[in-house]
Amino acid sequence: MAESRHIAVVGGSIAGLGAALVLSEAGHRVTVLEKDATPLPASPLEAFEAWERPGSPQTRHSHAFLARLNGILQRRSPALREALLSHGAWELRFVDMARESLGDDTLEFEPGDEEIVLLACRRITFEWVLRRHVLDGGRVRFRDGVEVQGLLADDSESGAPPRVRGVSLRDEQGRSTELEADLVLDASGRRSKLGHWLEAIGAPPMRKDSEPCGIFYCSRFYRTLDGTDRPELGGVMGSDLGYMKYGIFPGDAGIFSITLCASPRDDELRGILRTACFEEAVRALPATREWVDESVSQPISDVHAMGNLKNTRCHFVEDGAPLALGVFPIGDALIHTNPLNGRGCTLAFVNAELVADALASFPDDPLAFALALNEGVEREIVPWYEATRAQDRDAIAVDEAQQRGEDPFAFQGEDGKVDTRAYMRSLLRDGLVPALREDLTVLRAFMRVFNLLESPQDLMRDPTILQKVMQSFARKDEREPVARGPSREEMIRQLQGALS
């Protein structure tokens, strides 16, 4: 084992705790610095009811813990995975979802299908169990109520990146202290101040790409009634109506959540932020109606909302050179994307593994470490950022077309010319989506990409999958239309009725 290093992690949410877990189990000493002075509740139940996390508002929203994250836990920390299961998390297995979705108990599965397993768990339960596990391991010091004020850095030679050697802190009493560290990881999330800290030590400005996701979203939690089985989920956990997106997120202890999303420019749909309208909407959608039936479940939370959502990437390495040595952003502080996709927690653990691997390869070379870590980020995380950004751009275009009264899926004009983007939208809606409910091969390929086990570009580049999707698309006029939900106009009328 390489020599132990002291690593300071700024931020004690899932990205910071995931890094602390992976690095401490690799033998390093870790200090987690959390601004919120919020002591760990005694149980996940108490955490759900009363754990206030001002610096992490997303804890009250839906989350997905994808198969790639499950695989990381199986490799890196099977004890943590068992602890999650013992606290009510459960496995969503592809083989079971495929049988539900395709309605066939005689399906023949293949090697690799067994690794497509999601963990059904609430975000707050996952974080509670993760922090408890990290603290009980004895290799991580967790300091809450301390705010990082900036970076400590040595003077660098002319033209060389500054060398960070720790952080300056301020505690709840306003006292200033310093913490020396061999490596500082910024896991402070979307509100990271790293750019300001870097400029204060003479580093170049950190470039940031950012553009709207095109949605606001709201979530509500429900508990299934005692003695009641949850409805079948099948292979698809959500859908896109064009004007509205939705997702169903099974959780631990018989609890699930539903998330609705719409354009922030669509004032008439902002009614779903109100409880009465949210309930009207989920009862109007065929896929969610059964889940919220009063004989199946009861709501256990208010409707929680989030807005101003953006796909954002920070560039810490420019032209082959890091802005500083001995520090690196991870998780949402580096890249964050549309939360409806449910990839954030999984990518945070992927990022943690990349840090551990780069540090194992270059424990004494901070430049080589930074470049190796950046190369891993470019390979394993950036493709998901680019894919999400492209999807959201198109979703915004679809929403704008629908608000103009146009059909964004009409791909052939009166002159016979084909709109390529509209054709691809129609191919996905009328080819891929039906094929997911008809063909095991297509469903498997989709679920591997959905669970980050394959690259986002791989799905439609596979000639076998493309052929099957094209065949499904060719039959679009032969099958009965799938009732995904009311039109936008119908939904607005129902929301208005809920408020009258």
Q: Rounded to the nearest 0.5 Å, what separates atom CG in L21 from atom CG in L130?
A: 6.0 Å

Q: Take atom CZ in R274; do more than 12 heavy atoms of anything else shown fall under 6.0 Å from it?
A: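 Check fails, neighbour count at 12 or below.
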
Q: Could you check whether E115 pairs with R448 (Lys NZ or Arg NE/NH1/NH2 to Asp/Glu carboxylate O, under 4.0 Å)?
A: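 Judged by the 4.0 Å cut-off on N to carboxylate O distance, E115 and R448 do form a salt bridge.
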
Q: Write down the atom of L354, the atom of V377, and the distance for their closest heavy-atom approach.
A: CD1-N, 3.8 Å

Q: Run N451 and T346 through side-chain contact (heavy atoms from CB on, under 4.5 Å) and show every step you take.
A: CA-CA 9 Å; N451 281 279; T346 301; over 6 Å; no

Q: Determine, for D266 against R488, whether the closest basic-nitrogen to carboxylate-oxygen distance falls under 4.0 angstrom.
A: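 A salt bridge links D266 with R488.
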
Q: Strictly distance-based, threshold 3.5 Å: is any side-chain N or O of D462 a donor or acceptor partner for the main-chain N or O of T464?
A: yes

Q: Under a 4.0 Å N-O cut-off, is there an ion pair linking R68 with E380?
A: yes

Q: Applying the ring pair (Phe, Tyr, Trp, His ring centres under 6.0 Å) criterion to F65, which one of F349, F126, F249 satisfies it?
A: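 Exactly one pass, corresponding to F126.
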
Q: So, are R421 and D394 salt-bridged, with charged N and O less than 4.0 Å apart?
A: no

Q: Check whether the ring centres of W291 and F256 lie less than 6.0 Å apart, and answer yes or no.
A: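 Yes, the ring of W291 comes within the 6.0 Å limit of the ring of F256, centre to centre.
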
Q: Verify, without hydrogens or angle tests, whether E490 (side chain) and S487 (backbone) share a donor-acceptor contact under 3.5 angstrom.
A: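 At least one qualifying donor-acceptor pair exists.
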
Q: Just by distance, do the side chain of W90 and the backbone of P250 share a donor-acceptor pair under 3.5 Å?
A: no

Q: Has the side chain of D113 got a donor or acceptor atom that lies under 3.5 Å from a matching backbone atom of E110?
A: yes

Q: Spell out, as yes or no, whether a donor-acceptor pair under 3.5 Å connects the side chain of S13 to the backbone of A15.
A: no

Q: Would R313 and D209 pass as an ion pair if we require N to O under 4.0 Å?
A: no

Q: Assess the side chains of T259 and S219: does a donor N or O sit below 3.5 Å from an acceptor N or O?
A: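 Yes, because at least one side-chain N or O of T259 sits under 3.5 Å from a partner of the opposite role on S219.
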
Q: For P408 and A422, which heavy atoms make the closest approach, and how far apart are they?
A: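 Nearest pair, atom of P408 first, then A422: O-CB, 3.5 Å.
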
Q: Give the minimum heavy-atom separation between G271 and C277, together with the two atoms involved.
A: O-CB, 2.9 Å

Q: Show the numbers, then the answer: is there a side chain to side chain donor-acceptor pair (under 3.5 Å) between T288 and R283?
A: CA-CA 7 Å; T288 57; R283 283 173 168 77; over 6 Å; no

Q: Which is it for D430 and F409 under the side-chain contact (heavy atoms from CB on, under 4.5 Å) test, yes or no, and what are the steps along the way?
A: CA-CA 10 Å; D430 298 321; F409 300 93; 5.8 Å; no

Q: Check the side chains of H87 and T125 for a donor-acceptor pair under 3.5 angstrom, ignoring hydrogens and angles.
A: no

Q: Hey, does the side chain of S472 reach the backbone of K468 with a donor-acceptor pair shorter than 3.5 angstrom?
A: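 Not confirmed, S472 side chain does not pair with K468 backbone.
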
Q: Would you say F278 and L273 make side-chain contact, with heavy atoms under 4.5 Å?
A: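 In short, these two side chains do not touch, never coming nearer than 4.5 Å.
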
Q: Check for a donor-acceptor pair, side chain of D302 on one end and backbone N or O of H304 on the other, with a separation under 3.5 Å.
A: no

Q: Return yes if a side-chain donor-acceptor contact under 3.5 Å exists between R461 and S455, otherwise no.
A: no

Q: State plainly whether the residues R475 and E438 are in salt-bridge range, i.e. N to O under 4.0 Å.
A: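 Between E438 and R475 there is a salt bridge, with a charged N closer than 4.0 Å to a carboxylate O.
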
Q: Looking just at side-chain N and O atoms, do N311 and N338 make a donor-acceptor pair shorter than 3.5 Å?
A: no

Q: So, for Y246 and A287, which heavy atoms are closest and what is the spacing to 0.1 Å?
A: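 Looking at all heavy atoms of both residues, the shortest contact is OH-CB, 3.2 Å.
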
Q: Determine the interplanar angle of the Y423 and F411 rings, folded into 0 to 90°, and report it as parallel if under 30°, tilted if 30 to 60°, perpendicular if over 60°.
A: perpendicular

Q: Given side-chain contact (heavy atoms from CB on, under 4.5 Å), test V382 with I335 step by step and report yes or no.
A: CA-CA 8 Å; V382 169; I335 293 175; 3.9 Å; yes

Q: Is there a donor-acceptor contact under 3.5 Å linking the side chains of S192 and D186?
A: yes

Q: Write down the atom of D439, the atom of L102, and the distance for their closest heavy-atom approach.
A: N-CD2, 3.8 Å

Q: Under 4.0 Å between a Lys/Arg side-chain N and an Asp/Glu carboxylate O for R123 and E127?
A: yes

Q: Give a yes or no on whether a salt bridge exists between R207 and E318, defined as a side-chain N under 4.0 angstrom from a carboxylate O.
A: yes

Q: For the side chain of D252 and the backbone of R122, is there at least one donor-acceptor N/O pair under 3.5 Å apart?
A: yes

Q: Check whether D399 reaches the backbone of A395 with its side chain - one donor and one acceptor, N or O, closer than 3.5 Å.
A: no

Q: With no hydrogens and no angle check, is any side-chain donor or acceptor of Q402 less than 3.5 Å from a backbone partner on Y243?
A: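 Here the side-chain-to-backbone pair exists.
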
Q: Report the residue from E400, E386, E211 that forms a salt bridge (Lys or Arg N to Asp or Glu O under 4.0 Å) with R393.
A: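 With R393 as partner, E400, E386, E211 yield a single salt bridge (Lys or Arg N to Asp or Glu O under 4.0 Å), made by E211.
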
Q: Show your working on salt bridge (charged side-chain N to carboxylate O under 4.0 Å, His left out) between R93 and E114 and close with a plain yes or no.
A: CA-CA 8 Å; R93 295 181 171 273; E114 74 283 350; over 6 Å; no

Q: Should we say atom CG of D415 is surrounded by more than 12 heavy atoms from elsewhere, each under 6.0 Å from it?
A: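 Enclosed.
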
Q: Could you tell me whether E353 and R76 have a side-chain N and a carboxylate O separated by less than 4.0 Å?
A: yes

Q: Which atoms form the tightest heavy-atom contact between A356 and V22, and what is the distance?
A: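 For A356 versus V22, the nearest heavy atoms are CB-CG1, 3.5 Å.
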
